[in-house]
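First up is the structure itself, then whatever we jot down about it.
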Amino acid sequence: MIAKIGKAGANTRGVLNYLYGPGRTNEHTDPHVVASWDDFAPDPGRDETATLAQLATALDLRVKQAGDRAPDQHVWHCSVRAAPEDRTLSDGEWAAIARRVLNAAGIAPAGDPDACRWVAVRHADDHIHIVATKVRGDLTPPRNWNDYVRADKECAAIEKEYGLRQVVRGDRTATKRPSRAEQEKARRTGSATTPRERLRTTVRTAVAAATDTEEFFTILRGTEVLVDIQRFPSGDIRGYKVAFPGDTNAQGEPVWFSGSTLGPDLSYPKISERLAPTEPATKDGYSGRRRTAWQQVVDAAYRLPDVLDQADDAVAQAHITVLAETLDALPLIAPASYKPQLAQAAAAFERASRSRIRARHQQAQATRRAIKAIVREPAPKDGALLAILLDALLLAVVAAQHWHHTRHHDQQAEAARQTADHLRAAYHAAAVQPLTVIHQRGLRLTVTVQQRQATLLRQALPDMAEQILTEPGWPALAAALTDTAAAGHDPAVLLAEATRRRELDTATSISEVLTWRLHRLVGLDPQPAMGTAPTPTPSRAARPAVPTDRPRRTR
């Protein structure tokens with residue numbers, strides 16, 4: 001159940017006209033009062049002698065008595081809606097719910113004879129509207145500070161008591177939703193999304209790609225976005241706003257959005273904090289060689305579950321923010337066939353990237369530096385490293401979901417769950433070709449080698465071995481174990497390390513997941529040339545040109 005409190009208004013009669021009218025699309029049926037301040041309010045819906053003017057006059061009585069002391073915006077309007085799958089509540093139940101919401105919000109405390117005047121109108125099965133005038137009987141304003149939070153908390157209690165759907169609730173860190181006017185304007189122009197939503201995606205992608213604030217603005221200007229930078233008298237940047245050239249108001253001027261209105265983490269101060277100088281790259285713990293940016297991002301994603309388990313909340317939040325930047329950057333560099341799922345994953349995780357915990361961004365700058373580098377590095381030629389990265393990101397997203405869930409960040413946990421679904425779809429698409437190559441190599445192994453790897457698997461993973469041996473992906477894992485040994489590593493040790501990670505219980509093929517994790521741990525080339533030994537150096541190709549519809553780095 002959701003309580004939505006609108007902006008205070010000054011026209012009581014105007015609100016009643018809407019509530020008792022046909023609705024914007026004739027959706028209102030049988031409008032009538034289910035409860036009021038004294039249960040004797042005029043009801044134009046059920047009493048032929050009652051009028052809207054009489055009801056508005058009764059509600060405004062104390063406003064008129066207060067005179068100049070009454071607030072200009074004296075109309076309090078709240079809609080309370082049940083979920084589509086909830087049972088149809090009776091008028092009596094809605095009346096009780098209205099009183100509880102008014103009590104929680106401070107508009108009409110229970111048992112207070114001087115409470116504000118109010119009326120609850122029902123014109124549909126699934127919701128009511130509560131209209132109150134914000135002058136008490138003693139002609140003072142009500143104490144309704146923080147009314148939205150208190151009403152929402154009461155709705156959560158009502159859901160449990162009435163057996164209704166328990167809505168996932170947030171912590172007021174979500175982005176502002178497009179208004180009805182914005183949505184209708186987008187429909188008129190034939191767009192599936194509003195300018196606000198498209199600008200948010202563009203800005204987030206620019207943040208993920210930029211190495212500093214100067215380049216952030218350069219990337220934005222390289223797209224079709226208009227950028228206006230505001231400065232202090234000293235010349236320092238105070239903030240920025242963006243707009244699309246074709247999105248104009250009635251005066252023909254661009255409709256501007258400041259960074260903070262696009263998202264709480266997209267204000268200029270927040271972006272400049274995230275784009276602070278980064279640390280140098282690290283070396284591989286197994287080979288001692290310098291890792292490529294792609295490998296560093298993969299390593300960071302695999303380490304994230306441990307970071308979230310061990311680090312304090314501020315550091316953990318910083319790494320979750322970087323995880324979101326990784327997802328934002330992937331559509332820039334991934335093959336076109338995977339971009340829809342990756343874009344959906346990035347959009348879903350946007351909600352999971354923020355909480356009320358302030359991130360300590362300096363603790364995650366090394367990974368952020370690697371993310372920006374992969375936008376500029378040549379992408380892996382064979383596609384296997386992309387599949388490995390998606391497996392690592394899936395692991396990280398599931399860990400983020402658990403982290404949010406344990407801290408009761410309900411909306412963020414749900415967003416992470418949705419992200420994992422999109423990533424699984426992208427992973428399955430990306431893994432087909434490289435897995436086929438490795439699988440064919442596994443089928444060419446001699447019977448003796450296959451038996452030796454099966455024995456190794458039973459010794460290293462006795463609880464999983466029989467399931468893995470029956471999976472279609474077993475030949476690929478056998479090939480990976482053979483390559484691992486040929487590269488001078490102990491396969492049993494690496495198998496133990498690979499299975500220590502989470503997400504195996506939800507994997508559709510454990511053998512596939514372990515194949516990628518072995519390749520990541522050792523840096524194997526999934527497609528070595530015929531007759532050559534595996535090498536820990538991944539193959540790379542020239543970076544493809546950046547399409548014109550993406551943020552472009554310019555000098």
Side-chain angles (χ1 to χ4, degrees), residues 1-9 12 15-16 18-20 28 30-47 50 52 54-63 71 74-83 86-167 169:
M1 179 166 286
I2 297 175
K4 181 179 179 181
I5 300 174
K7 186 177 180 180
T12 306
V15 176
L16 294 176
Y18 167 72
L19 298 185
Y20 278 90
H28 295 174
D30 186 26
H32 60 280
V33 172
V34 295
S36 65
W37 72 95
D38 62 358
D39 288 329
F40 292 103
D43 183 6
R46 295 290 173 85
D47 184 352
L52 288 176
Q54 290 174 336
L55 180 56
T57 299
L59 285 169
D60 282 338
L61 175 62
R62 290 170 177 170
V63 176
H74 62 267
V75 181
W76 187 86
H77 180 197
C78 173
S79 62
V80 186
R81 186 179 299 273
D86 285 339
R87 62 183 175 84
T88 300
L89 299 172
S90 67
D91 281 359
E93 289 174 314
W94 276 120
I97 289 170
R99 291 187 174 91
R100 291 180 62 167
V101 170
L102 287 159
N103 175 66
I107 294 293
D112 184 353
D114 286 330
C116 297
R117 291 194 166 199
W118 60 272
V119 62
V121 177
R122 182 179 189 178
H123 56 205
D125 286 341
D126 63 348
H127 71 278
I128 59 170
H129 289 262
I130 307 172
V131 180
T133 46
K134 294 168 56 177
V135 178
R136 289 168 43 82
D138 54 10
L139 305 186
T140 62
R143 296 180 179 180
N144 65 313
W145 177 82
N146 214 23
D147 51 2
Y148 169 78
V149 174
R150 290 185 288 169
D152 188 61
K153 185 177 180 180
E154 187 64 24
C155 284
I158 292 170
E159 290 167 353
K160 294 180 180 179
E161 294 178 27
Y162 283 68
L164 307 177
R165 173 188 169 188
Q166 296 185 27
V167 176
R169 289 182 152 76

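Treat the numbers as computed from the prediction; the structure is a model and nothing was measured.
The aromatic ring centres of H32 and H123 sit 6.0 Å or more apart.
With hydrogens and angles disregarded, a donor-acceptor distance shorter than 3.5 Å links the side chain of E159 to the backbone of V167. Without hydrogens or angle criteria, Q54 side chain to P42 main chain gives no donor-acceptor distance under 3.5 Å. Judged purely by atom type and a 3.5 angstrom limit, D86 uses its side chain to pair as donor or acceptor with the backbone of R165. In this structure, E161 contributes its side chain and I158 its backbone to no donor-acceptor pair below 3.5 Å. For D126 (side chain) and A82 (main-chain N/O), no donor-acceptor pair under 3.5 Å exists by modelled atom type. A donor-acceptor pair under 3.5 Å is formed between the side chain of N103 and the backbone N or O of A110.
R143 CZ: 12 or fewer foreign heavy atoms inside a 6.0 Å radius.
A distance of 6.0 Å separates CG in L52 from CG in L16, rounded to the nearest 0.5 Å. S36 contributes atom OG, which lies 7.5 Å from atom CZ of R99 (distance to the nearest 0.5 angstrom). With rounding to the nearest 0.5 angstrom, the CD1 atom of I97 is 5.0 Å from the CG atom of L89. Between the CG atom of N144 and the SG atom of C116 there is a distance of 7.5 Å, given to the nearest 0.5 Å. Distance CG/L164 to SG/C155: 10.0 Å, rounded to 0.5 Å. Annotation: the span from W118 atom CH2 to L102 atom CG amounts to 5.5 Å, rounded to 0.5 Å.
Across every non-hydrogen atom of R150 and W145, the tightest pair is NH2-O, 2.5 Å. Considering every non-hydrogen atom in both A3 and Y148, the closest pair reads O-CE1, 3.5 Å. Taking every heavy atom of both residues into account, H77 and V131 meet most closely at CD2-CG2, 4.2 Å. A104 approaches E154 most closely through the heavy-atom pair CB-CB, 3.7 Å. Across V80 and I130, no two heavy atoms sit closer than the pair CG2-CD1, 4.1 Å. In this structure, T140 and D138 approach most closely via the heavy-atom pair OG1-OD1, 2.6 Å.
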Is there a side-chain contact (heavy atoms from CB on, under 4.5 Å) between E93 and R87? Walk through the geometry before answering. CA-CA 12 Å; E93 289 174 314; R87 62 183 175 84; 3.0 Å; yes

Evaluate the criterion side-chain contact (heavy atoms from CB on, under 4.5 Å) for residue pair R122 and V33; output intermediate values, then yes/no. CA-CA 6 Å; R122 182 179 189 178; V33 172; over 6 Å; no

Yes or no on side-chain contact (heavy atoms from CB on, under 4.5 Å) for D43 and Y20, after CA distance, side-chain angles and deciding distance? CA-CA 10 Å; D43 183 6; Y20 278 90; 2.9 Å; yes

Trace of the side-chain contact (heavy atoms from CB on, under 4.5 Å) decision for M1 with R81: CA-CA 6 Å; M1 179 166 286; R81 186 179 299 273; over 6 Å; no

What verdict does the salt bridge (charged side-chain N to carboxylate O under 4.0 Å, His left out) test give for R117 and D38, after you've listed the backbone C-alpha separation in whole Å, the side-chain angles of each residue and the deciding distance to 0.1 Å? CA-CA 8 Å; R117 291 194 166 199; D38 62 358; 5.9 Å; no

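Here the side chains of P71 and V135 are in contact, with some heavy-atom distance below 4.5 Å. For the pair L59 and V119, the minimum side-chain heavy-atom distance is below 4.5 Å. Put simply, the side chain of P141 does not reach to within 4.5 Å of the side chain of K134, judged on heavy atoms. Side-chain contact between L55 and P44 is present, with at least one heavy-atom pair separated by less than 4.5 Å.
Judged purely by distance below 3.5 Å, without hydrogens or angles, the side chains of D60 and T133 never pair a donor atom with an acceptor atom.
Under the 30°/60° scheme for interplanar angles, the aromatic rings of Y18 and H28 are found to stand perpendicular.
Looking at D112 and R136, a side-chain N of the basic residue comes within less than 4.0 Å of a carboxylate O on the acidic one, giving a salt bridge.
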